[in-house]
Asks: 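I have a structure I would like to understand better, so I am pasting it below and will then ask my questions one at a time.
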Amino acid sequence: MDMDDLADRGLVLLGCGKMGSAMLEGWLAGGLPARSVWVMDPYPSQWLRERAVEGLNLNESLPDAPAIVLLAVKPQMMDDALPQVVGFADGRTLFLSVAAGKTLGYYAERLGDAAPVVRAMPNTPAAVGRGITALIGNDRVDEAGLALAERLLSAVGQTVRLEAEAQMGAVTAISGCGPAYVFHLIETMAAAGVAQGLPADMAMRLAKATVGGAGQLAELAAEDPAQLRVNVTSPGGVTAAALTVLMDPDKGFPALLSRAVDAAMTRDKELGS
Ligand SMILES: NC(=O)C1=CN([C@@H]2O[C@H](COP(=O)(O)OP(=O)(O)OC[C@H]3O[C@@H](n4cnc5c(N)ncnc54)[C@H](O)[C@@H]3O)[C@@H](O)[C@H]2O)C=CC1
Ligand SMILES: O=C(O)[C@@H]1CCC=N1
């Protein structure tokens, strides 16, 4: 199975909200024909309806044996939604789930033993080709299946293969949810700037460019983030004063983020049950 096969046999999206659309936008931009895509979603967005005008199959009858079924409904909706695609669980179609918490065991119970299932955790920067997706398959997924899932996901950013499904909770709490933490950092930096007297639009522009630029530098630089931090921090200077607060082991960022990640992982487990 390869990308041509995907274009020929079809890609079905079960649910196409924020995450499904972020990925689909990247795949269509990368050359997947809209006519090769089937979306099942009772509440399609305006963007999806516009794609339907271009040939995307929106809430239409599904192909016989699509190459891939992407499961992108909320975990809480999965029990209700899955029966629509259970007929494809005969081994010919690869299931690709992005739902937080839903385990390979959960899918084996509902789709049976024949279905190859890849569990993946993407993130919304996929919409601009800057996502990162971790993935792992069940024992029905062969190397070709995993490679296809990887190729599909690498069209919207980086991919990483997990060694064990148990790693998925931590991945979800770090890179799946992580963009929200960073967006909140931007919000709070901008708000702090406004509190210090900057105009709101200037404070937001400074915050966005600082986080975007620092993120890109962290990815591209030879130095690790700790050294990049040191490079900003003049001894006895202004950054050092701020970092004394942020790096406080009890009340600072490490303790806060650790509590946030613990809360995310607890919720991830709850959603899986
Ligand atoms: N938003 C994010 O940053 C990320 C989300 N995910 C996962 O992606 C999945 C989707 O999340 P979002 O896109 O954020 O949610 P969303 O609420 O934006 O999208 C879910 C879509 O499913 C549709 N839907 C509801 N019931 C359905 C049914 N019975 N059949 C077909 N479609 C149905 C809804 O109309 C909606 O468009 C979740 O499982 C989430 O855990 C994973 C990684 C990141
Ligand atoms: O908030 C959620 O449950 C999903 C999982 C990762 C990002 N969004």
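Atoms within a ligand are numbered from 1 in the order they appear, just like the ligands themselves. Predicted model only: the values in this text are computed from it and were never measured.
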Asks: Scan the protein's non-hydrogen atoms and note whether one is under 4.0 Å from atom 4 (C) of ligand 2.
Replies: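 No; the ligand atom in question lacks any protein heavy-atom contact below 4.0 Å.
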
Asks: For atom CD of Gln196, decide whether the heavy atoms of other residues, nucleotides or ligands shown that lie under 6.0 angstrom number more than 12.
Replies: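 No.
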
Asks: Report, in ascending order of atom number, the atoms of ligand 2 lying under 4.0 Å from any heavy atom of Ala100.
Replies: 5 (C)

Asks: Nearest 0.5 Å, what's the SG-CE distance between Cys16 and Met40?
Replies: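 So the gap between those two atoms works out to 12.5 Å.
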
Asks: Which ligand 2 atoms, with their elements, are less than 4.0 angstrom from a heavy-atom of Gly176?
Replies: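 By the 4.0 Å cutoff, the relevant atoms are 6 (C), 7 (C).
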
Asks: Counting non-hydrogen protein atoms only, what is the nearest one to atom 1 (O) of ligand 2? Give residue, atom name and distance.
Replies: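 The closest one turns out to be Cys177 SG, 4.9 Å.
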
Asks: Need the ligand 1 atom indices (1-based, order shown) with element for anything under 4.0 Å from a heavy-atom of Tyr43.
Replies: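 With Tyr43 as reference, the close atoms of ligand 1 come out as 35 (O).
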
Asks: Please work out, at 4.0 Å between heavy atoms, whether the side chain, the backbone, both, or neither of Ala99 comes within that distance of ligand 1.
Replies: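 The answer is both.
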
Asks: For atom 29 (N) of ligand 1, which of Pro83, Gly17, Pro44, Ala81 has the closest heavy atom?
Replies: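 Considering heavy atoms of Pro83, Gly17, Pro44, Ala81, the nearest to atom 29 (N) of ligand 1 sits in Ala81.
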
Asks: Please work out which of Pro179, Ser21, Gly131, Pro122 has its closest non-hydrogen atom nearest to atom 43 (C) of ligand 1.
Replies: Pro122

Asks: Polar contacts were defined as any N/O atom of the residue lying under 3.5 Å from an N/O atom of the ligand; does this apply to Val73 and ligand 1?
Replies: yes

Asks: For Asp113, look at atom CG and say whether over 12 heavy atoms of other residues, nucleotides or ligands are found less than 6.0 Å away.
Replies: no

Asks: For Arg9, is there an ion pair with Asp64 - N to carboxylate O distance below 4.0 angstrom?
Replies: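 Salt bridge absent between Asp64 and Arg9.
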
Asks: Do any N/O atoms on Thr124 end up under 3.5 angstrom from N/O atoms on ligand 1?
Replies: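 In this structure, Thr124 places no N or O atom under 3.5 Å from an N or O of ligand 1.
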
Asks: Out of Met77, Met40, Gln84, indicate the one that has the non-hydrogen atom closest to atom 30 (N) of ligand 1.
Replies: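 Checking each option, the heavy atom nearest atom 30 (N) of ligand 1 is found in Gln84.
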
Asks: Considering only non-hydrogen protein atoms, determine which one is nearest to atom 18 (O) of ligand 1 and report residue, atom name and distance to 0.1 Å.
Replies: Lys18 N, 2.9 Å

Asks: For the side chain to side chain contact (heavy atoms under 4.5 Å, CB included) test, which of Val12, Asn57, Thr93 pairs with Pro63?
Replies: Val12

Asks: Between Leu14 and ligand 1, is there a nitrogen or oxygen pair with a distance under 3.5 Å?
Replies: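 Among all N and O atoms of Leu14, none is under 3.5 Å from an N or O of ligand 1.
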
Asks: Taking only heavy atoms of Ala72, which atoms of ligand 1 are found under 4.0 Å from at least one of them?
Replies: 9 (C), 10 (C), 20 (C)

Asks: Heavy atoms only: which of Gln76, Lys74, Met19 lies closest to atom 17 (O) of ligand 1?
Replies: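 Considering heavy atoms of Gln76, Lys74, Met19, the nearest to atom 17 (O) of ligand 1 sits in Lys74.
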
Asks: In Å, rounded to the nearest 0.5 Å, how long is the span from CG of Asp250 to CG of Leu256?
Replies: 12.5 Å

Asks: Would you say that more than 12 heavy atoms from the other residues, nucleotides or ligands in this model lie under 6.0 Å from the CZ of Phe253, or not?
Replies: no

Asks: I want to check a possible cation-pi pair here: Arg110 against Tyr106, using under 6.0 Å from ring centre and within 45° of the ring axis as the test.
Replies: yes

Asks: What is the closest protein heavy atom to atom 6 (N) of ligand 1, and at what distance does it sit?
Replies: Val98 O, 3.7 Å

Asks: Is the shortest N/O to N/O distance between Asp80 and ligand 1 below 3.5 Å?
Replies: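 Among all N and O atoms of Asp80, none is under 3.5 Å from an N or O of ligand 1.
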
Asks: For atom 27 (C) of ligand 1, what's the nearest protein heavy-atom neighbour? Residue, atom name and distance, please.
Replies: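 Ranking protein heavy atoms by distance from atom 27 (C) of ligand 1, first comes Pro42 CD, 3.7 Å.
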
Asks: Nearest 0.5 Å, what's the CD1-OG1 distance between Ile186 and Thr210?
Replies: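 Answer rounded to 0.5 Å: 9.0 Å.
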
Asks: I'd like to know whether Glu54 forms a salt bridge (charged side-chain N to carboxylate O under 4.0 Å, His left out) with Arg49, so could you lay out the CA-CA distance, the side-chain angles of the two residues, the decisive distance to 0.1 Å, and finally the verdict.
Replies: CA-CA 9 Å; Glu54 294 165 6; Arg49 287 196 289 263; over 6 Å; no

Asks: Using 4.0 Å as the upper bound for N to carboxylate O, is an ion pair formed by Lys102 and Glu109?
Replies: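 No.
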
Asks: Does ligand 1 have a heavy atom under 4.0 Å from the side chain of Lys102, from its backbone, from both, or from neither?
Replies: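 None of Lys102 does.
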
Asks: Please confirm whether Met78 approaches ligand 1 to less than 4.0 Å, judged on its heavy atoms.
Replies: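 For ligand 1, residue contact (heavy atoms, under 4.0 Å) with Met78 is absent.
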
Asks: Are Leu28 and Leu13 in one and the same hydrophobic cluster, where Ile, Leu, Val, Met, Phe, Trp and Tyr link if side-chain heavy atoms are under 4.5 Å apart?
Replies: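 In one cluster with Leu28: Leu13, yes.
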
Asks: Decide whether an N or O pair under 3.5 Å exists between Asp41 and ligand 1.
Replies: yes

Asks: Who gets closest to atom 41 (O) of ligand 1 by heavy atom: Ala100, Pro125, Ala180?
Replies: Ala100

Asks: Salt bridge between Arg229 and Glu223, side-chain N to carboxylate O under 4.0 Å?
Replies: no

